[in-house]
Every structure is written in C-alpha cells, then in structure tokens.
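Scope of the values below: all heavy atoms of this structure, side chains included, with no hydrogens, waters or symmetry mates. Please read these numbers as outputs of a predicted model, since none were measured by experiment.
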Amino acid sequence: MSSNNDPVTIQMIERNLSDLPGMDTSDLNTLTGEAVLSFHNISYRETVQSGFPFRKKMEVKERLSNISGIMKPGLNAIMGPEDGSRSWLLNVLAARKDPRGLSGDILINGKPRPANFKCTSGYVPRNDMVMDTVTVRENIEFSAALRLPMTITRDEKRRRINEVLELLHLDEDSNVKPTSKVLKKRTSIAMELVAKHPILFLDDPTTGLDLNTATDVISVLRRMSMRRRTIIFSINQPQYSVFRTFDSLTLVASGKVMYQGPAQEALEYFKSAGYKYDSHDNPADFFLDIITGGFSAILDTEEDGHDEADKYTELPKRQDQVTSELANMYAQSFLHREMRAELDQLLGDQKAERSSAWEEITCVTPFWHQLRWIICRSFKNLKDFRQVSMIHAIITIIVAMIVGIIFHFVQNDCSAVQTRAGLLFLLTVIQCISSLAAGELFGNDKGHFRHEHTSGYYRVSPYFFGKLLGEMVPRRLLPSIIFTVIVFSIAGVRTDVKGFFTMLFTIMMLACSASSLSLLIGAGGNAEAVPTLSATIYFLVMLFISGLSLFYTNFLQKISWIQYFNLPHYGFTALQHNEFLGQNFCPDQNTTEVSRCPNYVICTGEEFLTFQGIDLSPWGFWKNHVALACIMIICLSST
C-alpha cells in the first residue's frame, strides 16, 4: 500500500487493446458483473502557477487529504459545499485528473485500478459532451460503434441501443437533435450506458435542471443501479425526494471526509452526535448546514455565549475549525472503524503492490473503423449547417464571377503582363486569407475530443485525419476549386488542359499548406482571438512582401532570406511559372503591339519570369510544391 506522501507517477500512452501484452479484446469485460470501488488513504496535491509570465510562482495546494471509503453497486452520492471538494474526489476516483499529484490506493474488487480504467468505466461530465448537430440515436450509435468490440454483431448493437433508449425514455426523441439541457443530459447518460460498463461516474448530473427533471434523471440512475451497477455521482443540495433514493452518502468539505456510509443512517449519526434536527428540514440541507459551519451545528448553540451578529462575523473564521472537528469526529466513530475493517479486507494481499504506474488509452476498434465513423459524423455536422454552406457557396460564386469579369477584358499582349500577374497575386491572397478559418477546425471541438479520446472512443490519428477529410476538404478545398475554376474560365488566363490542371493542383497545394499553418497556430492557443490574430499578421506581412516582388525586385534581393519563410511566395511563384512559361505576347514582332508597351517590351513569358528572378527550369516550378508539401507535413505533424 502506498504511503500518503508517495505520489503515483503515471505516464500516458496510447495503444490498441490488442497491442497490450497478455491482453485481448475480451479483457475489456474484466469489470463485468458487480464492481466495488475502494479508495485507501488517498490524497491529491495540485501544482498551481500564479504571477506574471517569466515570473510565475509555483504553489502546491492540497485538494484531498487522507480520504478512504468504499463504493458498492447502487447509488453512491458525494455531497459537499461549493469548494470543489466533491468534484475533485469524483474526478480523482474516475482517473480524470492528472495522476502525478495522487497518493494512496484505488482498488476495484480488491485489485489495483486498471491502467485503462478511463476506457472501461463510464463518465458523464458536468458539461454534457453531446453533438447537437446529430440526432440522439446517431450520438448513441457513434458511442456503440467505437466502444463495443468488433465481435459484437450489428443486430446486437442495435438491440443494445434500443434497450438504452427505452430505459431512458428516449424512444420518442431518438430522431430529435439534443438541443435542450434535459435531452443532452439523457443522451450523455445513454452514450455511457450502451457500453455496459459496471461503474458510471457523473459530475453533478442535476446541475441546471429543474426539480422535476432532476428527479427524473435520478430515477433513471436508480433503475440502472438496480441492475447491480455502481453509480457514483457528485450532487449539490438535492431535494428530499432525490435524497431518499441514495444508497451511500459521502460528505466532503475542504478536502476531508465528514461522513461515509449508508445514506439513510447519516441523519441518525449526526443527531446522536448532538446536532439538532427539525423534522421539517431537508436532510441534505441539514448536512450541508453542518459541514459548512451553519447555525444548526453544535458549535453554534447558546452555550458559546455569542449573539447573532457575532456568529455571522465569526462564521468564515470557524470554517476550518468545524471541518477539522467533524473529520476527527468521523475518524473516531464506529462507522469509520467498521468501514476500515472492510477496506482492510478488500486490500488483502495488495498492501505490497502499488497502483498501476501506467495510464493507457485503449481502443477496441481498428484505425480504419474509427476513421470511417469520424468522417461520417463530420459530414453529418456539415449537413446541419446546410444553410450556412449554401450562403458561403453563393457568395463564392458571385465573387468569382465578378473577379472573372473584371479580368476578362485583359488582352493577350505585353501591356497586360502586370495585370495577369496581379490576377495570380489576387488568387494567392484569397487562398491565404480564407485559410484563416481552418484554425477553428480543432479548436471548436477540443472538449469533445478530450472526453471521447480519454474514454477510449478513438486514438488521435484517426480523429485527426477524419476531421481533415470530413471537414477541411469540403469546407476549404472545394470552395477554392470552385472559385478558381470560375475565375479562370471567364478570364481565360491559361486555356490549355495541362496548364489548367497544373494551376488547379498548385491552388490545392497552396490552400492545404496555408490551412495547415492556420491549424498549427490555432491548435497552440488557448484564447481563440490570439492565434487568429497571429496567423492574420503573418499572412498580411508575407503577402505584402510577395506583392512588392512585382515592382521592386532589387529591393527584395536585399531581404531574399525572408522568402524561405514566406508561404504565399511559393504558391505565387508556382502560379507565375505555370502561367507565363511559353507565352508569347508579341506575335510576329508586330510593331503595333510593341508600341503599346510604354517603358519596356516584354514579348515572352520567359522574359517576365527572368525579370522576376524565377528559375525557368522544371525544378524552378516543382521546388515550390516541395516547399509547400514540407510546410504542410511539418505543420500537420506539429498540430
């Protein structure tokens, strides 16, 4: 058994379940049947940073202090004041907190908690991680498809889904999108139930719900517990109709346990200790009044000799005193001794064995299966934004037609060389600026990813490629292709087939590279505005430098080193190389044509490319694509 001051160092790794030594997919069912969760002298210390950047101070705060208890099949409630203790205890037991601050032992049926416990237990967060762009049934189907082994047939999965829908009274709402708080909560629970894990954690499942809805949710949990599942949840000030359904009650405050035992014996426990209880009081309010140092506590009796005004002023100062006295009172109680005896019996031969030193994300489905389901869900998300997508498409077509008509009057002679180059530069600008929206691809979905990944839905790689193929391609590449095709069809810049498709390939490479850079910058920022601003400044500066190359080539030779970091430069150069190479703007050296060129005569595209300092060889064209591909690979790998 670990000592209280011996932190459990856990490293996070990600594996497919079949890759674990000595484990096959059947091991996911290790926790089937009844599961008893026990925790032995656990403490949790969090390292908090404070202060200004480069002068931050590190402070260690104790969130949980030497807590022990046992959670059996049934409804196990964790109650406490709004100091975060109840959520800390729940999340530590559910392995949802950084394990580096944890000391003590957490056992399942007397054995160390599995390294992949997060993937073999259910967890419903306070903020329901449900996709409201797809229906209730589709959310549950997604969970079943990725969290149930491939050996389970489609008919069996469908039967489980229908069973869960019936249990949660979601039959009539199965084809409705979960937009309301109530429907989201029920859907979140259903997504965990379909996996049939024996232990289910819920963080404040009644928060934000009215009394009737909260009672309904607890009644659903009660029906689940009657099937011998261990339901562990945190809750704040439940009504009596809700409290009476609890099997076990744990009262925590300031990181210490005030009571841990049968819920229906808690009232008698405090009454026998001398606390006054009025029959019309709600027991849950009575308990919270006690552990927060309220006036029903024995410390607030008239024997203290304080008047009412003194009590209000002294209450904050006495909070720690009340917490310590209640914790000591419980530690010396018969309930605690009885619980310790049961814990020692569960601990058994595990005293010399530490809790697992590894934390693993295990998945029961292969890469391609996960990729297919993520792509399908991404397409369904796009369908929900059909009106927005239509408006975006209409705007793209209108702008493309306007640009094409403006440049349609450009003639094929030496006087229009700069105008042609200007059109290519405009296209480069549009591709770079429109790529800024790609930074939100993963940023808007961080909460869902963290919850689903840690719960064993999928690994990082299929999620990453699924989002790229399912959302970035239709939202980013297709509009770029449509815009380019319309502009160049009307303007008629390059008419041969080879040149057209080469230009289209260059546009796609530029769009992908610019979007990958926006993804990299967007993925590294916590605040949405900061990465967007950073990407905008980068593209504006680099586009400004690329635009100067059309007029001030001598000036740019002095800062030629900056072009290595200039993503728009590679795309713009490749477009110019493809457009101007082989062009003849002075057919048969026509004197009338040449006289229209005011300052100097550019009769061929090669002359213009040489003037711009662009290599005329095939490598001079393809090296830009190599650079764009390298930028894209580096950015996507670092995202």
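The two atoms that bring Lys118 and Ala95 nearest to each other are CD-O, 2.8 Å, heavy atoms only. Closest non-hydrogen pair, Leu183 versus Lys177, comes out as CD2-O, 3.9 Å. Between Leu477 and Met508, the closest heavy-atom pair is CD2-O, 4.1 Å. Closest of all the heavy-atom pairs between Ser188 and Val130 is OG-CG2, 3.0 Å. Of all heavy-atom pairs spanning Ser518 and Phe539, the tightest one is OG-CE1, 3.8 Å. Looking at every heavy atom in both residues, Thr502 comes nearest to Lys498 through OG1-O, 2.7 Å.
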Review point. Could you go step by step and tell me if Leu567 and Met542 meet the side chain to side chain contact (heavy atoms under 4.5 Å, CB included) rule?
Key: CA-CA 7 Å; Leu567 187 151; Met542 295 305 168; over 6 Å; no

Review point. What do the steps show when you test Phe621 against His625 for ring-ring contact (aromatic ring centres under 6.0 Å, His included), and what is the final call?
Key: CA-CA 7 Å; Phe621 172 75; His625 291 79; 4.6 Å; yes

Review point. Thr135 and Val176: side chain to side chain contact (heavy atoms under 4.5 Å, CB included), yes or no, with the steps?
Key: CA-CA 5 Å; Thr135 65; Val176 176; over 6 Å; no

**Study point:** Audit row: Leu581, Glu606, side chain to side chain contact (heavy atoms under 4.5 Å, CB included) steps and yes/no
**Key:** CA-CA 6 Å; Leu581 189 65; Glu606 286 79 359; 3.6 Å; yes

Exercise for review: Start with the C-alpha gap between Asp128 and Lys181, add the side-chain angles, then the distance that decides, and say whether salt bridge (charged side-chain N to carboxylate O under 4.0 Å, His left out) holds.
Suggested key: CA-CA 9 Å; Asp128 306 299; Lys181 179 71 176 178; 3.7 Å; yes

Point to revise | CA sep, side-chain torsions, deciding dist, call: Phe488, Phe500, ring-ring contact (aromatic ring centres under 6.0 Å, His included) | key: CA-CA 8 Å; Phe488 283 85; Phe500 176 79; 7.6 Å; no

Point to revise | Steps toward side chain to side chain contact (heavy atoms under 4.5 Å, CB included) verdict (Tyr457, Met191) | key: CA-CA 11 Å; Tyr457 282 72; Met191 292 176 69; 3.5 Å; yes

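Aromatic ring orientation, Phe608 versus Phe580: tilted (interplanar angle from 30° to 60°). Using cut-offs of 30° and 60° for the angle between ring planes, the Phe367 and Phe465 rings count as perpendicular. The aromatic rings of Tyr458 and Tyr463 sit parallel to each other, their planes meeting at less than 30°, with 60° as the upper class boundary. His453 and Phe449 have parallel rings, their planes meeting at less than 30° on a 0 to 90° scale where 60° marks the start of perpendicular.
The NE2 atom of His577 sits 14.0 Å away from the CZ atom of Phe572 when rounded to the nearest 0.5 Å. Rounding to the nearest 0.5 angstrom, the gap separating the CG atom in Leu609 from the CG atom in Asp615 is 10.0 Å. Between Thr428 atom OG1 and His569 atom NE2 the span is 11.0 Å, to the nearest 0.5 Å. We find the CE-CD1 distance between Met390 and Ile395 to be 11.5 Å, quoted to the nearest 0.5 Å. A distance of 9.5 Å separates OG of Ser143 from CG of Leu193, quoted to the nearest 0.5 Å. Taking OG of Ser378 as the start and CG of Leu468 as the end, the distance is 9.5 Å to the nearest 0.5 Å.
Under the ring pair (Phe, Tyr, Trp, His ring centres under 6.0 Å) criterion, Tyr538 pairs with no residue at all, not counting sequence neighbours. Partners of Arg137 under the salt bridge (Lys or Arg N to Asp or Glu O under 4.0 Å) rule, at least two apart in sequence or in another chain, do not exist in this structure. With sequence neighbours left out, Phe483 forms a ring pair (Phe, Tyr, Trp, His ring centres under 6.0 Å) with no residue at all.
Salt bridge annotation for Asp203-Arg96: absent, with no cationic side-chain nitrogen under 4.0 angstrom from a carboxylate oxygen. Using a 4.0 Å cut-off between a side-chain N of Lys or Arg and a carboxylate O of Asp or Glu, Arg126 and Asp204 qualify as a salt bridge. A salt bridge does not link Arg160 with Glu163: every distance from a Lys NZ or Arg NE/NH1/NH2 to an Asp or Glu carboxylate oxygen is 4.0 Å or more. Salt-bridge check for Arg377 with Glu452: passed, with a basic side-chain N closer than 4.0 Å to an acidic carboxylate O.
Test Asn624, Leu423, Thr506 against Leu575 for side chain to side chain contact (heavy atoms under 4.5 Å, CB included) and you get one pass: Thr506. Of the options Lys185, Arg147, Arg186, a salt bridge (Lys or Arg N to Asp or Glu O under 4.0 Å) to Glu192 is made by Arg147 and by none of the others. Among the candidates Arg158, Arg154, Arg159, the single residue satisfying the salt bridge (Lys or Arg N to Asp or Glu O under 4.0 Å) test with Glu156 is Arg159.
Judged purely by atom type and a 3.5 angstrom limit, Gln370 uses its side chain to pair as donor or acceptor with the backbone of Arg459. Ser174 contributes a side-chain N or O that, together with a main-chain N or O of Asp171, makes up a donor-acceptor pair within less than 3.5 Å. Looking only at distances, a side-chain donor or acceptor of Ser435 sits under 3.5 Å from a matching main-chain atom of Cys432.
Defined by atom type and a distance below 3.5 Å, a donor-acceptor pair is missing between the side-chain atoms of Thr153 and Asp155.
Proximity of Ile433 to Leu543: side-chain heavy atoms (C-beta onward) are separated by under 4.5 Å at one or more points.
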